[in-house]
Amino acid sequence: MMINGGDWCPQATLSVPPPAVQSMMNSVYFAYVVVTFAYFPVATAGYAAYGNEVNADVLLSVSQPPALIAVANFMVLVHIAASYQVFAQPVFENIETLMTKNQVWPSMQPRLMRAVVRSLYVVMTTFVAICIPFFADLMGLIGAAGFTPMTFILPCVFWLKAKQPQGITFWINITIIVVFSVGGLLAAIGSIRQIAMHARTYDLFH
């Protein structure tokens, strides 16, 4: 929800009757609060404990206690397994619709075709992820260039354009736009610098 709440809300609210919109928005607000309290303590505590030496994967910087690290890694696995299904479904749907429309493997059973397509997609994306030696730096750049505008900047711009609020609401939105524009720009510069610094030591599959 934290990552794509900004573009999910308009699409979802356009497809439901008005009485349900407020309930959905309350759920989104709750999700944002929960995710904020889940992410920010980890980020701030990790930086406070390890400073600039903290690993991109915080768990790699922690050695004790082993049981807690194992539980945390298991939770990461559960999170990825669940979120991967959500984000990959549109890709699966488009590929399978295109294959059906163009009569690719017409003799294959639909369930078998889905299993083959989805398995090949997972294998391909996993292989690409393993090949990328600068995953953390690249994710920082993608987050700065994509996550920041879509989640913090553009929703405020659209809100100002659509509602044209006055007074404190207007200035709150302007403040958010300015602060996160500067933050996103600095994050992008920092990520590019990290990629440039690490480029000489990058090794495939490392």
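The shown structure was predicted, so the numbers you read here are calculated from the model rather than taken from an experiment. The figures that follow rest on heavy atoms only: side chains count, while hydrogens, waters and symmetry mates do not.
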Please answer: with hydrophobic residues joined when any side-chain heavy atoms are less than 4.5 Å apart, are [X] and [Y] in the same cluster?
{"X": "Val33", "Y": "Phe40", "answer": "no"}
{"X": "Val91", "Y": "Val123", "answer": "no"}
{"X": "Val128", "Y": "Ile195", "answer": "yes"}
{"X": "Ile168", "Y": "Leu160", "answer": "yes"}
{"X": "Trp159", "Y": "Ile177", "answer": "no"}

#### Entry: Under 3.5 Å: donor-acceptor pair, side chain of Thr97, backbone of Asn94
no
### Query
Counting only N and O atoms by type, is there a donor-acceptor contact under 3.5 Å from the side chain of Ser119 to the main-chain atoms of Val116?
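Checked: no pair found.
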### Query
Within a radius of less than 6.0 Å around OH of Tyr29, do more than 12 heavy atoms belonging to other residues, nucleotides or ligands occur?
no
### Message
Taking atom CZ as the centre, does Phe170 end up with more than 12 heavy-atom neighbours from other residues, nucleotides or ligands that are less than 6.0 angstrom away?
### Response
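Above 12, so yes.
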So which atom in [X] and which in [Y] form the shortest heavy-atom distance, rounded to 0.1 Å?
{"X": "Gly140", "Y": "Ser191", "result": "C-OG, 3.2 Å"}
{"X": "Val122", "Y": "Thr126", "result": "O-OG1, 2.7 Å"}
{"X": "Lys161", "Y": "Gln164", "result": "O-CG, 3.7 Å"}
{"X": "Pro149", "Y": "Pro155", "result": "O-CD, 3.7 Å"}
{"X": "Gly184", "Y": "Ala144", "result": "O-CB, 3.5 Å"}

Rounded at 0.5 Å granularity, tell me how far [atom1] in [X] sits from [atom2] in [Y].
{"X": "Ile153", "Y": "Phe147", "atom1": "CD1", "atom2": "CZ", "value": "10.5 Å"}
{"X": "Ile176", "Y": "Ser181", "atom1": "CD1", "atom2": "OG", "value": "11.0 Å"}
{"X": "Ile174", "Y": "Thr169", "atom1": "CD1", "atom2": "OG1", "value": "12.0 Å"}
{"X": "Phe180", "Y": "Thr148", "atom1": "CZ", "atom2": "OG1", "value": "8.0 Å"}

### Message
Are the side chains of Arg118 and Tyr121 in contact, using a 4.5 Å heavy-atom criterion?
### Response
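In short, these two side chains do not touch, never coming nearer than 4.5 Å.
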